[in-house]
Amino acid sequence: QLQASGGGLAQSGGSLRLSCAASGSFFATNAMGWYRQAPGKQRELVAVISSRGHIRSYADSVKGRFTISRDNAENTVYLQMDSLKPEDTGVYYCHAIRRYGDTWIPIDNYWGQGTQVTVSS
């Protein structure tokens with residue numbers, strides 16, 4: 001199971017730090033991703049971190065502003081969000097992911113509870 005937290009209301013230019021705690025033995029052996037779903041839009045993958053944290057990648061829309069990290073001892077993945085913009089508004093989820101060709105996909109369709117991020121202009 002995955003439980004995201006840390007969302008809330010922030011002003012444009014502000015910061016938030018999201019956490020996602022995982023239960024189960026899958027965490028340390030899987031890459032993890034943060035997804036967000038804006039109102040009326042499809043869920044999109046915004047940040048990826050490999051199982052040991054050596055490889056990170058970001059969607060162009062958040063590159064240079066968001067930082068993903070993980071603590072395998074605590075079974076937790078984080079998303080530091082700086083220089084927030086109103087278009088960052090949405091529900092944020094974390095999920096275990098796997099490589100599929102040149103992209104990443106969730107390992108299953110069981111999504112935990114996300115956390116709402118709202119950025120005001």
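Fair warning: this is a prediction, and the values are worked out from it, not measured in the lab.
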(message) Applying side chain to side chain donor-acceptor pair (under 3.5 Å), can you list everything that pairs with Ser83, at least two apart in sequence or on another chain?
(response)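 Side chain to side chain donor-acceptor pair (under 3.5 Å) list for Ser83, sorted by chain: empty.
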Indicate yes or no: at least one non-hydrogen side-chain atom of [X] is less than 4.5 angstrom from one of [Y].
| X | Y | value |
| --- | --- | --- |
| Asp88 | Arg65 | yes |
| Arg36 | Tyr93 | no |
| Arg70 | Tyr78 | no |

Under 3.5 Å, sequence neighbours excluded: what are the donor-acceptor pairs made by side chains of residues 108-115?
unit_1 : atom_1 : unit_2 : atom_2 : d
Asp108 : OD1    : His95  : NE2    : 2.9
Asp108 : OD1    : Tyr110 : N      : 3.0
Thr115 : OG1    : Gly7   : N      : 3.0

(message) salt bridge (Lys or Arg N to Asp or Glu O under 4.0 Å), that's the test. Do Lys63 and Asp60 meet it? Break it down for me.
(response) CA-CA 5 Å; Lys63 199 173 294 182; Asp60 288 343; 3.1 Å; yes
(request) Go through the steps to decide whether Glu44 and Tyr35 satisfy the test side-chain contact (heavy atoms from CB on, under 4.5 Å), and finish with yes or no. (result) CA-CA 5 Å; Glu44 65 169 330; Tyr35 290 78; 5.9 Å; no
(message) On a heavy-atom basis, which atom in Ser12 and which in Lys85 lie closest, and how many Å separate them?
(response) OG-CA, 4.4 Å
(message) Looking at every heavy atom in both Ser50 and His54, which two are closest together, and how far apart are they?
(response) OG-N, 3.1 Å
(request) May I ask you to check whether Asp82 and Ser15 show a side-chain donor-acceptor distance below 3.5 Å? (result) yes
(message) What I want to check is whether the side chains of Asn72 and Glu74 have a donor and an acceptor closer together than 3.5 Å.
(response) no
(request) Hey, could you give me each pair passing disulfide bond (SG atoms under 2.5 Å apart) that has a residue in residues 2-61? Not counting sequence neighbours. (result) Cys20-Cys94
Tell me who clusters with [X], hydrophobic residues only, linked when side chains sit under 4.5 Å apart either directly or through other members.
| X | result |
| --- | --- |
| Ile107 | none |
| Tyr100 | Ile105 |
| Met81 | Leu2, Leu16, Leu18, Phe26, Phe27, Met32, Trp34, Val46, Ile49, Tyr58, Val62, Phe66, Ile68, Val77, Leu79, Leu84, Tyr92, Val117, Val119 |

(request) For the pair Val48 and Ile97, evaluate side-chain contact (heavy atoms from CB on, under 4.5 Å) and give the outcome as yes or no after the intermediate values. (result) CA-CA 8 Å; Val48 169; Ile97 56 177; 3.7 Å; yes
(request) In sequence, state the C-alpha distance, the side-chain angles, and the governing distance for Ser51 and Thr29, and then conclude on side-chain contact (heavy atoms from CB on, under 4.5 Å). (result) CA-CA 5 Å; Ser51 59; Thr29 58; 5.6 Å; no
(request) Working to the nearest 0.5 Å, report the span between CD of Gln11 and OG of Ser120. (result) 5.0 Å
(request) Please indicate whether Arg52 has more than 12 foreign heavy atoms, meaning atoms of other residues, nucleotides or ligands, lying under 6.0 Å from its CZ. (result)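 Count not over threshold, so no.
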